[in-house]
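All remarks here apply to the structure that follows.
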Amino acid sequence: MGAAAASRGSEASGTMSETDYKFTEIERKWQARWRELRLFEADESCPKPKWYVLCMYPYPSGVLHMGHVINYTLGDVVARYKMLRGYNVMSPMGWDSFGMPAENAAIRTGVHPHAFTEKNIAYMRAQMGGAGWGYDWRREVATSHADYYRWTQWFFLKFYEKGLAVKKTAAVNWCESCATVLANEQVKDGGCERCGTRVAQKDMSQWFFRMSAYAERLLAGHEKLRGQWPDAVLAMQEEWIGRSEGAIVFFKVAETGDPLPVFTTRPDTLWGVTFMSVAPEHPILDKLLKGSPHEKRVMPALRELRAVETSERDLAAREKAGVFTGFHVINPVNGESVPLWAANFALMSYGTGAVMSVPAHDQRDFEFARKYGLPVVPVILPPEGIDRAAMTEAYVDPGVMAASGPFSGEKNIEAMPRIIRWLEAEGRGKGAVNYRLRDWTLSRQRYWGAPIPIIYCDACGMVPVPEKDLPVVLPEDVRFTRGGNPLATSESFVKAPCPRCGRPARRETDTMDTFVDSSWYFLRYCDASNHTAPFSPERIAHWMPVDQYIGGIEHATMHLIYARFFTMVLHDLGLVDFEEPFARLFCQGMVCKTAYYCERCKWIPEDKVEGGARKGDAIEGGVCAVCRSPVRAEMTKISKTKLNIVDPDAMIAKYGADAVRLYMLSDAPPDRMQVWSEDGINGAWRTILRLWSLATAAIAQMPPPGAEIPADLDAENRVLRRKTHQLIESVTGAIEGGFHFNTAVARCNELVNLWRAKKDRVHGAVLRETLETILRILSPIVPHFAEEIWERLGRKESIFAAGWPVADRAAAAEELVAIPIQINGKLRGRVMAPPDAAAEDLERAALADEKVRKALEGKTVAKLIVVPGRLVSIAVKG
RNA sequence: GCGAGAGUGGCGGAAUUGGCAUACGCGCCAGAUUUAGGAUCUGGUCCCGCAAGGGGCGGGGGUUCGAAUCCCCCCUCUCGCACCA
């Protein structure tokens with residue numbers, strides 16, 4: 001906890017009266033105690049089954065935000081819950097400490113990224129302790145430390161040896177503001193994932209990991225993950241991988257004979273091809289046009305098409321545009337010659353960069369054909385046929401093939417596989433599977449990342465740095481200025497002897513994408529201080545895979561795909577014996593809060609809203625304090641730009657870590673959006689206070705720990721016991737089935753309410769059992785609070801050594817249940833009966849009920865259903 | 001456009017998976033207590049109605065003795081992908 005926060009905390013508790021719960025003191029006490037007890041230090045020697053709980057590690061930005069709070073609170077609660085369930089829990093924490101903010105700060109302030117990062121790490125580590133999150137800090141990693149990135153570089157060399165790290169020239173995404181290239185996965189809505197700057201396409205020579213080679217396996221791995229990962233994440237990855245089946249068909253340029261293969265998912269429409277479209281960047285265009293009579297006419301139009309970046313193409317409402325090249329292609333299925341166009345809707349990055357255009361059966365092609373007056377030839381016909389002149393859109397449904405050579409008259413869907421076999425037999429094409437997934441661009445033109453361990457020698461070419469020379473350490477003699485990679489300014493770094501011939505050579509100055517660092521950090525945690533290898537196989541075998549991974553869904557197609565790919569490669573390298581690193585994944589919801597939008601001043605903080613009426617947690621109909629314009633309230637994700645941030649330290653100082661934790665988990669299931677409200681956290685705080693005074697007042701009337709519960713309890717005490725044991729049953733299910741801690745808290749509240757209503761008449765031993773059960777169930781959520789009362793109850797060991805309560809089935813069994821009686825679906829009465837009462841007895845009792853008799857007067861019973869132990873349902877007529 | 005998820009009081013949300021709709025909490029109302037506070041305690045709080053009673057889970061239809069839950073159609077919101085050949 002920060003110094004400022006701590007002082008505010010003691011101030012807050014200082015205002016409470018003597019009997020009040022002094023959370024600052026108590027929370028510090030238990031945080032220190034857990035350290036002494038080494039509660040979170042997990043060792044391989046422990047005989048209990050292992051449970052690896054992992055939260056996505058943070059970038060050390062300098063201060064925790066509410067996104068971290070929900071993520072790490074959930075992780076800590078799960079870790080403590082599993083501990084109570086008897087597992088040897090490993091819950092590590094570390095730092096994704098390479099990356100641009102540190103470098104940008106260096107450019108701005110002159111502070112070296114290393115110093116900046118270390119300071120942030122120290123501060124955030126302390127904040128985490130103050131929040132009550134327990135980690136095995138012996139396993140801490142920071143990806144910017146040479147003893148970590150040394151192995152990141154080592155893995156790069158392994159990938160390089162296997163031909164999976166390659167340097168190639170390709171059109172890559174360039175972010176001007178970040179002055180670096182970005183991977184496909186890091187482009188969102190045509191902009192940079194980090195800063196939002198519009199991304200440009202640039203041809204550059206870059207390092208890639210050949211992730212596309214793993215497309216099929218990444219997809220196949222989903223079978224193992226189904227049910228264990230959120231469906232939404234698997235769906236997003238499936239879309240991202242974008243598998244499609246079809247064929248490659250061997251078209252040729254009519255005039256020159258140049259091959260121009262196309263990928264299509266609709267080989268059944270080959271006979272309807274009326275033109276071909278290629279991407280404006282397609283290399284064949286320059287080859288064909290150079291020196292041709294069409295060059296003068298086509299090149300300017302082509303330049304115009306190329307000038308529009310892919311991203312803008314996406315956004316520009318997609319007006320189809322293109323230019324006829326003057327050339328033609330031969331359709332191999334029927335030898336027809338059709339015109340070759342360059343079109344803006346054809347993407348160089350997908351398939352072969354060429355599209356066979358079938359306007360009758362593809363909406364895009366249809367629009368393009370209509371715009372440029374190209375012919376439309378239907379070859380797949382519905383039963384009623386197609387009136388070519390009346391067509392207003394492409395016909396994309398199944399039908400019967402027409403004018404399609406040997407396949408005329410056949411149903412297109414059924415014919416598809418035979419068409420592909422025919423293409424192969426005739427040498428006119430072949431079956432093919434195409435993926436949208438591209439190779440992972442991992443070069444970054446920035447300083448603060450792991451240097452790519454490659455040296456360029458004029459004599460020997462590209463030479464990998466030998467393993468014994470790792471790590472390639474980031475130099476200190478760099479100038480942090482805008483424009484250009486600071487790493488290139490370091491002479492001591494760039495100049496290096498060629499490892500092969502010893503002559504002067506140049507080092508690669510690109511560093512690796514930070515997603516490379518995060519693709520194996522979960523492995524390093526298993527053996528964090530290993531100096532001779534990234535990890536030992538024994539440690540990995542002990543801890544991996546991660547049993548429960550917890551993080552934000554925004555990484556569905558970034559970190560979570562990269563880490564899976566990376567692990568598969570390590571598997572193929574023989575370094576690990578599993579392919580999927582994360583057995584279970586849970587994605588917590590975003591933390592949202594009301595934000596205010598002024599038409600003139602844009603987003604404004606709540607204290608700049610004047611007038612209006614408080615409606616729940618929002619101010620409706622207020623005006624802006626600055627410009628008097630009306631202000632709109634909106635529930636939205638907590639962010640700096642929307643000025644609705646909440647400072648976790650301030651909340652911990654004001655209400656205590658336990659209240660923050662309780663609030664985060666008691667309001668909604670954790671995978672849903674979490675609404676932050678000051679009233680809500682205050683409610684959580686009061687819940688703690690209420691239980692505190694109830695519990696501390698009751699301690700005096702309790703027998704010592706382990707006291708026997710008398711056999712001859714009266715009805716009231718039996719009820720309290722019954723509810724206690726029913727609580728255990730229902731809560732365990734709610735947690736196991738999706739971390740529904742909110743219902744666990746609700747059930748505990750119910751029991752507390754029941755206890756309070758009976759408190760003067762409850763036997764001391766029953767009271768102890770009830771309170772200890774509640775404490776053990778709540779202890780993962782409010783650990784400091786639970787420990788403190790547990791201790792005051794005379795318990796010597798930590799509550800986390802006490803184990804999860806076990807329900808006593810006999811005590812939980814109901815003696816009498818209220819059986820509802822429905823008449824035509826409406827509740828008409830109840831009868832009390834033992835839970836195992838026979839159907840006939842229930843029927844008799846129901847019909848004898850006075851309200852039921854009244855409702856049945858003058859009517860005929862058509863049907864009578866008795867579900868023993870549940871209800872009686874009567875259908876009547878008349 | 002495609003894909004995924006969601007829609008229940010003033011609000012966050014429960015509902016043993018087809019069986020008493022609105023648990024628990026917030027807020028609100030009334031009262032108690034109190035050298036006044038974001039404290040505590042008691043009671044009330046889905047809607048209409050004085051009542052008996054009736055109506056209610058985004059809308060409409062269906063299956064069923066019985067539907068928030070299953071099926072069909074529609075509407076709204078959120079997220080992801082988006083000219084993918």
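Every value quoted in this text rests on a predicted model; they were computed, and no experiment measured them. Basis for what follows: all heavy atoms, side chains included, without hydrogens, waters or symmetry-related copies. Quick note on labels: first sequence line is chain A, next is B, and so on, each numbered from 1.
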Here's a test for you: under side-chain contact (heavy atoms from CB on, under 4.5 Å), which of A:Asp667, A:Val782, A:Ile781, A:Ile777 qualifies with A:Val745? A:Ile781
So A:Thr264, base contact, sugar-phosphate only, or nothing? Heavy-atom distance under 4.0 Å. sugar-phosphate
Both distances below 3.5 Å, Watson-Crick or wobble geometry, any strand: find the nucleotide opposite B:rU63. none
To the nearest angstrom, the CD-P distance between A:Glu750 and B:rU16 comes to 14 Å
Could you tell me how the ring of A:Phe23 sits relative to the ring of A:Tyr21: parallel (under 30°), tilted (30 to 60°) or perpendicular (over 60°)? tilted
Find which nucleotide of RNA chain B each of A:Thr265 and A:Ile865 is nearest to by heavy atoms, and output the residue with the more 5' nucleotide. A:Ile865
A:Arg438 side-chain N/O to B:rC84 phosphate OP1/OP2 under 4.0 Å: no
How should the glycosidic conformation of B:rG9 be described, syn or anti, under the criterion that syn lies within 90° of 0? syn
Are more than 12 heavy atoms from other residues, nucleotides or ligands located less than 6.0 Å from atom NZ of A:Lys637? no
Side-chain heavy-atom pair A:Asp362, A:Arg266 within 4.5 angstrom cut-off: no
All heavy atoms of A:His361 vs all of A:Ile380, minimum pair found to be NE2-N, 3.1 Å
Rounding to an integer number of Å, can you tell me how far A:Leu871 CG sits from B:rC65 C1'? 10 Å
Report the distance from atom CH2 of A:Trp692 to atom C1' of B:rU40, rounded to the nearest whole Å. 17 Å
Please determine, for B:rA39, whether a Watson-Crick or G-U wobble partner exists with both distances under 3.5 Å, and give it or none. none
For B:rC2, take OP1 and OP2 only and decide whether either is under 4.0 Å from a side-chain N or O of A:Arg436. no
Tell me: NZ of A:Lys637 to C1' of B:rC79, nearest whole Å? 12 Å
Mind calculating the distance between CD (A:Glu678) and P (B:rG25) to the nearest angstrom? 20 Å
Once you apply the 3.5 Å cut-off to both distances, tell me the Watson-Crick or G-U wobble partner of B:rC79, or none. B:rG3
Base, sugar-phosphate or nothing for A:Ala746? Non-hydrogen atoms, less than 4.0 Å. base
Nearest-Å distance, CG (A:Asn682) to P (B:rC28)? 11 Å
Can you tell me if A:Asn753 touches the phosphate of B:rA23, counting only side-chain N or O atoms and a distance under 4.0 Å to OP1 or OP2? no
Could you please name the partner base of B:rG25, counting Watson-Crick and G-U wobble pairs only when both distances are under 3.5 Å? B:rC11
Base, sugar-phosphate alone, or nothing: which one does A:Pro669 contact when heavy atoms must sit under 4.0 Å apart? sugar-phosphate
Students often get this wrong, so: under 4.0 angstrom with heavy atoms, is A:Thr743 touching a base, only sugar-phosphate, or nothing? sugar-phosphate
Phosphate-side-chain proximity, A:Arg364 and B:rC84, N/O vs OP1/OP2 below 4.0 Å: yes
Can you tell me the Watson-Crick or wobble partner of B:rG49, both distances under 3.5 angstrom? none
It should be established whether A:Asn742 places a side-chain nitrogen or oxygen under 4.0 Å from OP1 or OP2 of nucleotide B:rA14. yes
Give the minimum heavy-atom separation between A:Asp439 and A:Met211, together with the two atoms involved. OD1-N, 3.3 Å
Just call it for A:Ala818: base, sugar-phosphate, or nothing, with non-hydrogen atoms closer than 4.0 Å on any strand. base
Could you please name the partner base of B:rC84, counting Watson-Crick and G-U wobble pairs only when both distances are under 3.5 Å? none
Considering every strand and a 4.0 Å limit on heavy-atom distances, what is the contact class for A:Asp231: base, sugar-phosphate, or nothing? nothing
Using a heavy-atom cut-off of under 4.0 Å over every strand shown, decide if A:Gly353 touches base, sugar-phosphate, or nothing. base
Who does B:rU17 pair with, Watson-Crick or G-U, both distances under 3.5 Å? none
Run the salt-bridge test on A:Arg306 and A:Glu281 with the 4.0 Å N-O cut-off and return the result as yes or no. no
Taken to the nearest whole Å, CH2/A:Trp240 to C1'/B:rG3 is 15 Å
Nearest whole angstrom, please: distance from the P of B:rC2 to the CD1 of A:Ile241. 22 Å
On RNA chain B, does the nearest nucleotide to A:Arg747 precede the nearest nucleotide to A:Met673 from the 5' side, or the other way round? Give the residue. A:Met673
Base, sugar-phosphate, or nothing for A:Arg243, non-hydrogen atoms under 4.0 angstrom? nothing
Presence of A:Arg686 side-chain N/O under 4.0 Å of B:rG27 phosphate oxygens OP1/OP2: yes
Looking only at N and O atoms, is any donor in the side chain of A:Gln822 or the base of B:rG19 less than 3.5 Å from an acceptor on the other one? yes
When we call it a touch if two heavy atoms are under 4.0 Å apart, what does A:Gly242 touch: a base, just sugar-phosphate, or nothing? nothing
